[in-house]
Amino acid sequence: MITLINCKYLVTLNSDLDIFKNYSLIIKEDKILDILPQANAKKKYQNITNIINFDKHAVMPGLINAHTHLPATFMRGYADDLPLETWLRKKIWPVENKIMCSEFIYESSVYSICEMLLNGITCFNDMFFFSKDIAKAANDCNVRANIGTHVFDYPTPWVEDPDLYIKQGIKTYNQYKNHKLISTSLNPHASYSVSDEMFIKVRNEAEKYNLKICCHLHETKKEVRKSLKQYGMRPVERLNKLGVLNSNFQAVHMTQWKDDEIELFKAKDIKVIHCPESNLKLASGICPTQKLLRHGITVGIGTDGAASNNDLDILLEMRTASLLAKIYNQDPTSMPALEVLNMATINNAEVMGLEDKIGSLEVNKQADFIAIDMDNLNTQPLFDLTSQLIYSTNSYQVTDVFVAGNQLVKNRELALFSKDYLLGLANKWKERIKALSF
Ligand SMILES: [Zn+2]
């Protein structure tokens, strides 16, 4: 089956950053077979089975959300305007401990994936407990994902013995190791919640199975101070001594830096995931993205969980990242539109080790792409497409979403789940959380 996608604008984000006008994508099964001018497409391909016209749209690579905690979505708005530790320990964790079960995790994950699809997100990098239920939700939604298993030093409703986190993570790995769209990783929660012994166990298992490790790191000044007091060194130095840091390591947040840490990240090709809205809302600090990119460090971008953001909208996150860098550097040329667009596409693909498959629209890559209707008052007149995408496009302008050639959103309607079903889930769990009354 060959599908012809006619695009008014085609934003490739290939190495030449080509933006074509009146071009076509030729899709064969899950891959991009060709990219060529519309005028030539029908002549070259006579066996086309399906034609889709995006005649007022920008077609671009599917957006990637490099840091999520999907089940947190059903705690959106439950506890806001609090410091990170109080928010986690007094509000979020007590609810999670009471409410977490397979049913909650699966249903909140399906809901979150649907919300992300409507926002043009075709791939995400999650970390949470109950990874098998999140992986099942991703599989049932036909979306691309990495499912990371949380590792802590203490028990939770999911496991009684902390060693079982890693065992569960490896079980999920074994179940999905040959899956077309789903990969898995081991994700120690943070430097303050995981011991040296546990970090070493994670390192050994990740090496054995060639898995990524994703960890919240240097999120706040307080975390660094605490580590200096407890271990006599900063978390990055400690993890480096434990042999955890390498090109498979993803450090989420990183608002605190010393110059030698920048050199270390560059030398070891350690990835950084920037979550600007979560950092702003929890007043955690600011990641110096522009400086890191100038030093050749791969910096991706994620929303974090919807309990601390409070949305799963990468278009908004990109705008925030750009504006935040400008004020942080006192320089309006910081993080220009194209650089931030790269962060949510090809950089995020590199962070996840998927740059050969996704992150740009190129022949032989996977057919993960979205169409954005630019014929709205807020995106006209159209002088510069990338500028418009970052500074004035809203996610409701995403009309169509494809993952591996499958159309998952068509004209703003989800292919697999009804809005009524999803709203019913949100309401059901809101009532159950309210009944816990923390
Ligand atoms: Zn997080």
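What you are looking at is a predicted structure, and each value in this text was computed from that prediction instead of being measured. As the structure lists them, so they are numbered: ligands from 1, and atoms in each ligand from 1.
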Look at [X] together with [Y] and state whether they make a salt bridge at an N to O cut-off of under 4.0 Å.
X      : Y      : value
Lys281 : Glu277 : no
Glu85  : Lys226 : yes
Asp30  : Lys180 : yes
Arg76  : Glu115 : yes

With sequence neighbours left out, what residues match Asp18 under side chain to side chain contact (heavy atoms under 4.5 Å, CB included)?
-> Thr12, Asn14, Asp16, Phe20
Could you tally the protein N/O/S atoms lying less than 2.8 Å away from the Zn ion (ligand 1)?
-> 4
Compute whether any side-chain donor of one residue and acceptor of the other, for Thr393 and Gln388, lie under 3.5 angstrom apart.
-> no
